[in-house]
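Structure, as structure tokens:
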Amino acid sequence: MSFPHLRQDFAASVVVFLVALPLCVGVAVASGVPAELGLVTGIVGGLVTGMMRGSSLQVSGPAAGMTVLVLEAVREYGLAVLGVVVLATGVLQLLMGALKLGRYFRAISVAVVEGMLAGIGLVLIAGQLYSMAGLKAPASGVGKLAGLPGALVDVVRSPEALASVAVGAGTVLVLVLWKLLPRPVRTVPGALAAVALATLVSWAFALPVAKVEVRGLLGSIHLPTADALGGLGSVGVLGTVLAFTLIASAESLFSAAAVDRLHDGPRTKYDKELMAQGAGNTVCGLLGALPMTAVIVRSAANVQAGARTKASRVLHGGWLLLFAALLPAALGVIPLPALAGVLVHAGWRLIPLREIVSLWREHRGEALILIVTALSIVAVSMFEGVLIGLALAVAKTAWEASHVRLDVVDKGAGPVQAHLSGNATFLRLPKILDSLEALPQDRPVELDLSGLHHLDHACRTALENWSARHSSAGTDPVKVTSRS
């Protein structure tokens, strides 16, 4: 077996490993699970999903976009049930891929997906600001935002909290400024450099900041129990499974479309990619780890580092496995506020500010869907927020599709001629009835419906009732002409 691009793929795998390492750990800690479980998901994303067909250069692992939902699930149902939820998510993704439903995820409104990511970003930032200060965050999104002024007062009064915030803020500052440094320096991934610098400063000055708790790789893995599997009988757990499936699948397939624009290699096979994600999540669920999605930051780093085949993402999973097996104690020196800083930066990048401005100028309805989806996620929850966004997108599409036109021809003598054309649905019913009821009551009317492409039951019934009322005053019955 020959590997003509092994040199390029090997170099790219090291870059992706260095990008993935702090993010895997940070996402796990922010999700309320042991840090090692983030590494497990990254390993599975490389060694299992990375081996499968779909998108050859896309990299999978734990994602910041799932953090809020995972944290809610762990808080509500416990860590044991999380594995069952991820397992069920993987099985559903495998089923959807086998039924060739992957391509249909591209039909989801972009405004809903971007609103979902923006809402996640807002909640993630608010929650991680508490972690940056070493404080416990409120459970709800609104509570997180409302509690920030009080948290600020607590920080000012506590030297330990000030030190913790300084480490986190310094991490964010390094991440923001890293892209301004010379290219040779930027060969080191910004997240890794920021966490390494924060760790070094915390150690050098003996700062009183919390560190990552190390449990060991094998000690963190747990197989699903019968009691945990029984949780699938709960409506709440099933709703969480649907939310995981929708969000993980949509994020992965949207990421695949973005990665395809970055290279000239083979295009993504969406159904196979969905099955690859399903296989990875099934294994993660069996191991009790975090859910995985394709991650655009790691995928872009893979492409930009010169990867040519899927060997780079498989190798990156191998490097994560070697690190977790040989250097687990290294996790114990990483300051938690530094990881919180990495997640604050990641949350900010989830908020599509440029897209919101562009949509507001060109497609204001889409911009409103994006904003309402994001605010709904903050105000209610992830699942309900996404459902509200989808409902708004469907309602907007239905409204725009139900164009109807009423042309009235009144020659002063004889019957008044009314021609309806377009799509007559209940959404436009008030407009139709207002126009018809404004016709002269003492004149016969000829109603021509032959120009309608669609007439729903509500409109048909309303038109029949209007015809009966118009004729009840002694006027000749309304003559209705429809398409044969």
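Just so you know, residue 1 is the first one in the sequence shown, and it goes up from there.
Screening L290, L331, V44, L321 for a side chain to side chain contact (heavy atoms under 4.5 Å, CB included) involving L39 leaves a single residue, L331. With respect to I388, the side chain to side chain contact (heavy atoms under 4.5 Å, CB included) criterion is satisfied by exactly one of V112, I377, V372, I369: V372. A side chain to side chain contact (heavy atoms under 4.5 Å, CB included) with P291 is found for exactly one of T41, V70, T89, namely V70.
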Open item on the list: Applying side-chain contact (heavy atoms from CB on, under 4.5 Å) to L117 and I351, what does each step give before you reach the verdict?
Closed with: CA-CA 6 Å; L117 295 177; I351 303 173; over 6 Å; no

TODO: Output, in order, the C-alpha distance, side-chain angles, deciding distance and verdict of side-chain contact (heavy atoms from CB on, under 4.5 Å) for L145 and V142.
DONE: CA-CA 5 Å; L145 294 174; V142 173; 5.9 Å; no

Open item on the list: Apply side-chain contact (heavy atoms from CB on, under 4.5 Å) to residues F244 and V241 and explain how you reach the verdict.
Closed with: CA-CA 5 Å; F244 272 46; V241 170; 5.7 Å; no

- [ ] Decide yes or no on side-chain contact (heavy atoms from CB on, under 4.5 Å) for L82 and Y77, but give the supporting numbers first.
- [x] CA-CA 7 Å; L82 174 65; Y77 306 111; over 6 Å; no

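With hydrogens and angles disregarded, no donor-acceptor distance shorter than 3.5 Å links the side chain of K269 to the backbone of G54. One N or O on the side chain of H222 and one on the backbone of S220 form a donor-acceptor pair closer than 3.5 Å. In terms of modelled atom types and a separation under 3.5 Å, the side chain of E36 and the main chain of G216 share a donor-acceptor contact. Panel note: side chain T199, backbone V195; a donor-acceptor pair is recorded below 3.5 Å. No donor-acceptor distance shorter than 3.5 angstrom exists from the side chain of T373 to the backbone of V386, with no hydrogens or angles considered. At least one donor-acceptor pair under 3.5 Å links the side chain of Y130 to the backbone N or O of K144. Of the possible donor and acceptor atoms, none in the side chain of R308 sits under 3.5 Å from a partner among the backbone N and O of D9. Remark: the backbone N or O of V167 is paired with a side-chain donor or acceptor of T171 at under 3.5 angstrom. Proximity of a side-chain donor or acceptor of W178 to a complementary backbone N or O of L173 within less than 3.5 Å is not detected. Proximity of a side-chain donor or acceptor of S164 to a complementary backbone N or O of P337 within less than 3.5 Å is not detected.
Here CG of L92 is found 4.5 Å from OG1 of T245. Values are rounded to the nearest 0.5 Å. With rounding to the nearest 0.5 angstrom, the CG atom of L368 is 9.0 Å from the CG atom of L392. The NZ atom of K310 lies 11.5 Å from the OG1 atom of T49; values are rounded to the nearest 0.5 Å. Distance CE/M52 to CG/L47: 13.5 Å, rounded to 0.5 Å. In this structure, CE in M96 is found 8.5 Å from CG in L246, a value given to the nearest 0.5 Å. For the atom pair CD of Q58 and OG1 of T293, the computed distance is 8.5 Å after rounding to the nearest 0.5 Å.
Contact annotation: the side chain of L148 approaches that of L129 to within less than 4.5 Å [non-hydrogen atoms, C-beta and beyond]. A heavy-atom distance below 4.5 Å is not found between the side chains of V295 and V59. Proximity of L370 to W360: side-chain heavy atoms (C-beta onward) are nowhere separated by under 4.5 Å. Here the side chains of L336 and V29 are in contact, with some heavy-atom distance below 4.5 Å. Between H345 and R349 there is a side-chain heavy-atom pair separated by less than 4.5 Å. For the pair K272/M275, no side-chain contact is recorded, criterion being any heavy-atom separation below 4.5 Å from C-beta on.
Minimum heavy-atom separation, P189 to V15: CG-O, 4.0 Å. Smallest separation of non-hydrogen atoms from A324 and I43: CB-CD1, 4.3 Å. Of all heavy-atom pairs between A198 and P335, the closest is O-CG, 3.9 Å. In this structure, V378 and G119 approach most closely via the heavy-atom pair CG2-O, 4.1 Å. Taking each heavy atom of N302 and L57 in turn, the nearest pair found is ND2-O, 2.9 Å. The minimum heavy-atom distance between P266 and D260, with the atom names listed, is O-OD1, 4.2 Å.
Checked for salt-bridge contact, E366 and K396 meet the test: a charged N lies under 4.0 Å from a carboxylate O.
At a cut-off of 3.5 Å, with distance as the only test, no side-chain donor of E273 or T268 sits close to an acceptor on the other residue. Remark: the S60 side chain and the Q277 side chain contain an N/O donor-acceptor pair separated by less than 3.5 Å.
Dense packing is recorded around CZ of R75, with more than 12 heavy atoms of other residues, nucleotides or ligands lying under 6.0 Å away. Annotation for R267: atom CZ counts as buried by contact number, over 12 foreign heavy atoms lying within 6.0 Å.
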